Every structure is written in structure tokens, then in C-alpha cells.
Amino acid sequence: EIGDVDKVSQSYTKLFMNEIIDDNETVDIDSEKWGDGSATYTNPKVDINESLITVKATVKARTDIDDLVLGFTVSALDGDDVMGTNTRIKDKIIRNVLKGEQYEIQWKFPNILEDGKYSVALTAHGTSGLPVYEWWNHAVAMKIRKYEKTGYQVNPEIKLSLSKVK
């Protein structure tokens, strides 16, 4: 596939999914979701204020899972990934998950985004990134509007000190 780097890398990852899932099929849950369905997200929400963004969701194990890594990516509408992380990076891998167990996850981070529209992808996968249980592109969208407009990609709170030198 030729095109957007993120789409190409997701297509590449999907190729390996078929090898790892044994006889199970990789299924597209809908046009924005893909993965083997072993864990699925529900109720994605985003809360935004001037200083903090919170992304929330519930994930449910549809089968027993040895290692579960949950993550998110914030992307601008032009497709550029702006930021993200996962529970492996945060050293919070969920181990020995039983079928039917549910987890609520909340990601909180400073609202450093510049004005614009953004999309949040939610991911659930194994420790190495495979297998992918669910990859939900555009799980939730958000619009950022700030009082101070800088024109840069990020807009953190910046403290200013200015005094006349005598």
C-alpha cells in the first residue's frame, strides 16, 4: 500500500495479525475498528478544559488474555499523530485477564494542543504490539479552542515575567 505513513504501518501490522491469531480471522468490527476482538472498547469519552484533557473508556476481555496493553493516540485531522502513550510505556501492563473482566481507563494530560480538531484512537494489544485485540481509529473527536492563539502545534501555558531594566 502506498500513502499515509500511519495507514501503511497499520496495514503492515495487520499482515502479521493473521500469522499470530492461528485459525481465527482478523475481523473488521466496523470501518474504524480492526483487530481480533479479544478485547473491545466501549463508551469512549473526552473531557476538556483550558488546562486538562481526560480520555476515558471501558475495555472488556472477550477471551482470556495473558498480557493486555491499552493505549491512545491523539491525531490532528490531517492525520499527523500529535501524542499518545500506552500502559506498557507507563509500566502498567495488565496480566492474566479473564474473559468477561472489564477495566475503566482514564488518561489525563495537560491541554497543550493548539486550536483545532483532533481525533483519538484507542488501542488494545499484546506486550509486543501483537496481537492487536482492537485498534479503534477515531474513537472520539475533540475540538480545542484557546484564548491565546500561537500558531504552533502545541500551546502550553507559558508564564511571562517582564520588567524594565533601569
Side-chain angles (χ1 to χ4, degrees), residues 4-7 9-10 13 28-160:
D4 175 54
V5 174
D6 195 44
K7 288 180 184 174
S9 73
Q10 286 185 29
T13 302
D28 286 326
I29 299 169
D30 67 31
S31 63
E32 300 299 320
K33 295 181 184 182
W34 60 275
D36 72 8
S38 295
T40 56
Y41 280 100
T42 57
N43 304 318
K45 292 180 176 65
V46 63
D47 295 325
I48 305 164
N49 65 43
E50 189 67 24
S51 62
L52 190 68
I53 298 174
T54 305
V55 175
K56 306 176 202 177
T58 302
V59 68
K60 181 176 183 176
R62 305 289 179 188
T63 63
D64 292 348
I65 299 171
D66 292 335
D67 298 313
L68 177 60
V69 175
L70 305 175
F72 79 97
T73 303
V74 175
S75 302
L77 287 188
D78 64 7
D80 285 344
D81 292 341
V82 177
M83 62 172 292
T85 193
N86 64 45
T87 55
R88 183 181 57 79
I89 293 168
K90 294 296 192 182
D91 200 26
K92 297 283 185 197
I93 297 170
I94 307 164
R95 304 208 186 271
N96 303 314
V97 180
L98 300 177
K99 179 180 179 179
E101 288 184 337
Q102 294 187 71
Y103 294 86
E104 289 184 6
I105 189 157
Q106 280 192 13
W107 300 99
K108 293 184 179 196
F109 51 93
N111 185 354
I112 61 168
L113 301 174
E114 182 55 86
D115 281 8
K117 295 178 182 176
Y118 298 87
S119 171
V120 178
L122 298 174
T123 59
H125 54 76
T127 305
S128 69
L130 293 172
V132 175
Y133 308 127
E134 182 166 88
W135 193 295
W136 188 356
N137 289 317
H138 314 296
V140 66
M142 60 184 166
K143 187 175 187 176
I144 304 295
R145 285 199 167 163
K146 294 201 172 170
Y147 175 73
E148 292 182 0
K149 303 190 184 318
T150 67
Y152 295 103
Q153 193 169 15
V154 295
N155 187 355
E157 180 182 342
I158 298 173
K159 306 241 186 251
L160 172 66

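None of the values given here were measured: they were computed from a predicted structure.
Of all non-hydrogen atoms in G37 and R62, the two that sit nearest each other are O-CG, 3.2 Å. Among all heavy-atom pairs drawn from V46 and A141, the shortest one is CG1-O, 3.9 Å. For the residue pair L98 and A61, the shortest heavy atom distance occurs at O-CB, 3.6 Å. Closest approach of A124 and L70 over heavy atoms only: CB-CD2, 3.8 Å. For the residue pair R145 and E50, the shortest heavy atom distance occurs at O-OE1, 4.1 Å.
To the nearest 0.5 Å, atom OG of residue S75 and atom CG of residue N137 are 7.5 Å apart. With values rounded to the nearest 0.5 angstrom, E101 atom CD is found 11.0 Å from K60 atom NZ. For the atom pair OG1 (T85) and NZ (K92), the distance works out to 12.5 Å, reported to the nearest 0.5 Å. A distance of 13.5 Å separates NE2 in H125 from OG in S38, rounded to the nearest 0.5 Å. One distance of note links CG of D81 with OH of Y118; it measures 12.5 Å at 0.5 Å rounding. Rounded to the nearest 0.5 angstrom, K90 NZ and W107 CH2 are separated by 7.5 Å.
The side-chain heavy atoms of W136 and T40, taken from C-beta on, include no pair separated by under 4.5 Å. With a 4.5 Å cut-off on side-chain heavy atoms, T63 and D36 do not count as touching. Contact check for E104 versus K56: no side-chain heavy atoms found under the 4.5 Å cut-off. Residues D47 and K108 fail the side-chain proximity criterion, which asks for heavy atoms closer than 4.5 Å. Taking the side chain as every heavy atom from C-beta outward, V74 and M142 approach each other to under 4.5 Å. No side-chain heavy atom of T87 sits less than 4.5 Å from a side-chain heavy atom of I89. Residues Y103 and V97 form a side-chain contact, since some pair of their non-hydrogen atoms from C-beta on lies under 4.5 Å apart.
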message: Walk me through whether I105 and L122 qualify under side chain to side chain contact (heavy atoms under 4.5 Å, CB included).
response: CA-CA 11 Å; I105 189 157; L122 298 174; over 6 Å; no

- request: Check the pair I93 / D91 against side chain to side chain contact (heavy atoms under 4.5 Å, CB included), numbers first and verdict last.
  value: CA-CA 6 Å; I93 297 170; D91 200 26; 5.8 Å; no

message: Evaluate T127 against R88 for side chain to side chain contact (heavy atoms under 4.5 Å, CB included), listing each step before the verdict.
response: CA-CA 7 Å; T127 305; R88 183 181 57 79; 4.0 Å; yes

message: Go through it in stages, so that I can follow the logic: the residues are F109 and V55, the test is side chain to side chain contact (heavy atoms under 4.5 Å, CB included), and I'd like the CA-CA distance, side-chain angles, deciding distance and then a yes or no.
response: CA-CA 9 Å; F109 51 93; V55 175; 4.0 Å; yes

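Between the side chains of S51 and N111, no donor-acceptor pair of N or O atoms lies under 3.5 Å.
No close placement of the Y41 and F72 rings is indicated, their centers lying 6.0 Å or farther apart.
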